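Note that the structure is a prediction, hence the values are computed from the model and not measured.
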Amino acid sequence: MNELTDAWPYPRPDSPPLLAPEQAEYTLDVWLVPKFSMLSLFCLLEPLRVANRFGRDLFAWRLLSADGEGVIASNGVRIDVDDELDTVADDAHLMVVSSYEAEATIQGQDLAVLRRVAAHGGWLGGLDTAPFILARSGVLEGHRVAMHWESVPAFRREFPQLRISQARFELDASRLTGSGGSASIDMMLAWMERLYGPALANAVGRQLVHQRGDDDPSSSRDERYAHLPRSVLRALAVMEANLAQALPIPEICRLVGQSQRQLTRRFMAHFGETPKQCYLGMRLDQAQRLLAASRCRVTEAALATGFVHLAHFSRAYRARFGEAPSVTADRG
């Protein structure tokens, strides 16, 4: 058996399917409201599971209900949950999934949890009819709101002051609302792209055999990705998923099922760079974004992009951008 030619053709076949919150970089808390859409839930979680196959433990999730008991979906299937809604952290990433009769079981203490998360700078989202729940808790002011098209007239009457979007989902720094159903795949790929870049999001979409919608404002239309070999696309996705903890190039080759010689030849043909050079550039580009768009310090940006030695980071940064990272940080 030839180890290179017979390598498993998909990324990270040995990855565990589920992660605990303490293992993952991001944990999504999902509040299931009775009669929620099962399709919305599956389309919400599957992109996260697939993303974990690309080299690192990126996402975990917890299912919640108001009372900690199982929840019956609109199709009659009961789903067990992990905990009660009020256990979410102040800075949680909390997604509300509802559908029919969303308001029937909502209590004042449930809305108070949403207000608590919002007050502490947490991240809130809602699918299908869930924007009604978010709006009633007062956490959607100043944000564009997307929801299932059937709900728009009633929502407009109840909340005339809020801006309703015709898009299938709306994503900003702290709110994510969407129409639910299969559009939830596009929504989560857009969130993933914002966190880690287009190569990973596109690779996850391909693994799900999903074509991102033409009206997805966040989907990548970069022509560089249109005709790249699958091994190169998988390598780019693995690199983007591992910006904070740089992998050795041989490990990337193992994950994508390609020899280092073959992968280097293909990178040189398409980018004029070796995989190592391309990976370094991606990490430095991420460091520049951190320094330019946040209060991140130089040392923090270096560590967040996998650089152990600050001097090495500063030299590489200056060579790529023509200025010291401290200059970028001061300007940002």
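- Contact check for Phe271 versus Val232: side-chain heavy atoms found under the 4.5 Å cut-off.
- Under the rule for a ring-ring contact (aromatic ring centres under 6.0 Å, His included), the partners of His93 that lie at least two apart in sequence or sit in another chain are Tyr26, Trp123, Trp191.
- Pairing each heavy atom of Ala24 with each of Leu19, the nearest pair is CB-CD1, 4.3 Å.
- A donor-acceptor pair is defined here as one N or O able to donate and one able to accept, closer than 3.5 Å; such a pair exists between the side chain of Thr129 and the backbone of Ser99.
- Ring orientation note: the planes of Phe59 and Tyr196 are nearly perpendicular, at an angle over 60° on the 30°/60° scale.
- With sequence neighbours excluded, the residues that form a side-chain hydrogen bond (donor to acceptor under 3.5 Å, both in side chains) with Tyr317 are Thr328.
- Looking at Ser98, its side chain does come within 3.5 Å of a backbone N or O of Ala130 through a donor-acceptor pair.
- The CZ atom of Phe267 lies 11.0 Å from the CD atom of Gln277; values are rounded to the nearest 0.5 Å.
- Note that CZ of Arg234 is 9.0 Å distant from CZ of Arg206, once rounded to the nearest 0.5 Å.
- You'll find the side chain of Ile252 reaches within 4.5 Å of the side chain of Met239, heavy atoms only.
- Linking Ile, Leu, Val, Met, Phe, Trp and Tyr whenever their side-chain heavy atoms come within less than 4.5 Å leaves Val97 and Leu140 in two separate clusters.
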Could you walk me through whether Thr264 and Thr274 satisfy the side chain to side chain donor-acceptor pair (under 3.5 Å) test, starting with their C-alpha distance in whole Å, then the side-chain angles of each, then the deciding distance to 0.1 Å, before giving a yes or no? CA-CA 5 Å; Thr264 298; Thr274 66; over 6 Å; no
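- When side chains are defined from C-beta on, Val298 counts as touching Phe313, because their heavy atoms get closer than 4.5 Å.
- Formation of a donor-acceptor pair under 3.5 Å by the Arg116 side chain with backbone atoms of Val88 is found in this model.
- Screening residues 232-252 for ring-ring contact (aromatic ring centres under 6.0 Å, His included), with sequence neighbours left out, gives no hits.
- Summarising the geometry of Ala199 relative to Ala237, their closest heavy-atom pair is O-CB, 3.6 Å, with the distance given to 0.1 Å.
- When atom types are taken as modelled, the side chain of Ser179 and the backbone of Arg168 share a donor-acceptor pair closer than 3.5 angstrom.
- Applying the side chain to side chain contact (heavy atoms under 4.5 Å, CB included) rule to Glu251 yields the partners Leu247, Pro248, Arg254, Leu255; only residues at least two apart in sequence or on another chain are considered.
- Ser137 pairs by the side chain to side chain contact (heavy atoms under 4.5 Å, CB included) definition with Leu111, Leu114, Arg115, Val139, not counting sequence neighbours.
- Under the 4.5 Å side-chain criterion, counting only non-hydrogen atoms from C-beta, Glu193 is not in contact with Leu189.
- Applying the side chain to side chain contact (heavy atoms under 4.5 Å, CB included) criterion to Ala20, with sequence neighbours excluded, gives Glu22, Gln23.
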Criterion side-chain contact (heavy atoms from CB on, under 4.5 Å) on Leu310 and Thr299, from CA distance to verdict: CA-CA 7 Å; Leu310 188 58; Thr299 302; 4.0 Å; yes
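- Placement of Val96 and Val152 within a single hydrophobic cluster is found when ILVMFWY residues are connected by side-chain heavy-atom separations under 4.5 Å, directly or transitively.
- Put simply, the side chain of His120 never gets that close to the backbone of Gly122: no donor and acceptor are under 3.5 Å apart.
- Ala183 and Phe169 get closest at one heavy-atom pair: O-CD2, 4.5 Å.
- For the residue pair Gln262 and Ser259, a side-chain donor N or O sits within less than 3.5 Å of a side-chain acceptor on the partner.
- Taking CG from Asp186 and CG from Leu171, the interatomic distance works out to 12.0 Å, rounded to the nearest 0.5 Å.
- Applying the salt bridge (charged side-chain N to carboxylate O under 4.0 Å, His left out) definition to pairs two or more places apart or across chains, those involving residues 169-178 are Arg144-Glu170.
- Checked against side-chain hydrogen bond (donor to acceptor under 3.5 Å, both in side chains), Arg315 has no partners two or more places apart in sequence or in another chain.
- In this structure, the side chains of Leu280 and Phe307 come closer than 4.5 Å at one or more pairs of heavy atoms.
- The minimum heavy-atom distance between Ser184 and Leu127, with the atom names listed, is OG-CD1, 3.7 Å.
- Applying the salt bridge (charged side-chain N to carboxylate O under 4.0 Å, His left out) test to residues at least two apart or on different chains, the pairs with a partner in residues 263-287 are Asp285-Arg320.
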Side-chain donor/acceptor pairs under 3.5 Å, residues 28-46, sequence neighbours excluded:
residue	atom	partner	partner atom	Å
Asp29	OD1	Arg62	NE	2.7
Asp29	OD1	Arg62	NH2	3.1
Lys35	NZ	Glu101	OE1	3.2
Lys35	NZ	Glu101	OE2	3.4
Ser37	OG	Leu39	N	3.4
Ser37	OG	Ser40	N	3.1
Ser37	OG	Ser40	OG	3.3
Ser40	OG	Gly181	N	2.7
Glu46	OE1	Arg49	NE	3.2
Glu46	OE1	Arg49	NH2	3.0
Glu46	OE2	Arg49	NE	3.2

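- Contact of the Phe321 side chain with the Val327 side chain is not registered, since no non-hydrogen atoms from C-beta on lie closer than 4.5 Å.
- Distance CD/Glu300 to CG/Leu291: 9.5 Å, rounded to 0.5 Å.
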Take Ser65 and Ile79 through the test side-chain contact (heavy atoms from CB on, under 4.5 Å) and record every step on the way to the result. CA-CA 10 Å; Ser65 68; Ile79 297 293; over 6 Å; no
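- Sequence neighbours left out, the pairs with a member in residues 130-140 that pass salt bridge (charged side-chain N to carboxylate O under 4.0 Å, His left out) are Arg136-Glu158.
- Within the model, atoms NE2 of His143 and OG1 of Thr177 stand 9.5 Å from one another, a figure rounded to the nearest 0.5 Å.
- Met282 and Val204 fall within the same hydrophobic cluster, where Ile, Leu, Val, Met, Phe, Trp and Tyr residues are linked whenever their side-chain heavy atoms come under 4.5 Å apart, directly or through other members.
- Arg194 approaches Ala173 most closely through the heavy-atom pair NH1-N, 3.5 Å.
- The main-chain N or O of Gly142 is found under 3.5 Å from a side-chain atom of Arg163 such that the two form a donor-acceptor pair.
- Residue Asp67 holds its CG atom at 10.5 Å from CD of Gln107, rounded to the nearest 0.5 Å.
- Counting only heavy atoms from C-beta outward, the side chains of Val71 and Leu63 never approach each other to under 4.5 Å.
- One hydrophobic cluster, built from ILVMFWY side chains closer than 4.5 Å, holds both Val117 and Leu134.
- Residues that satisfy the side chain to side chain contact (heavy atoms under 4.5 Å, CB included) test with Asp80, not counting sequence neighbours, are Arg78.
- With hydrophobic clusters built from ILVMFWY side chains whose heavy atoms lie under 4.5 angstrom apart, Met188 shares a cluster with Leu200.
- Heavy atoms only, all atoms of each residue included: Asp110 and Ala66 are closest at OD1-CB, 3.8 Å.
- Taking 4.5 Å as the limit, some side-chain heavy atom of Leu94 sits within range of a side-chain heavy atom of Leu85.
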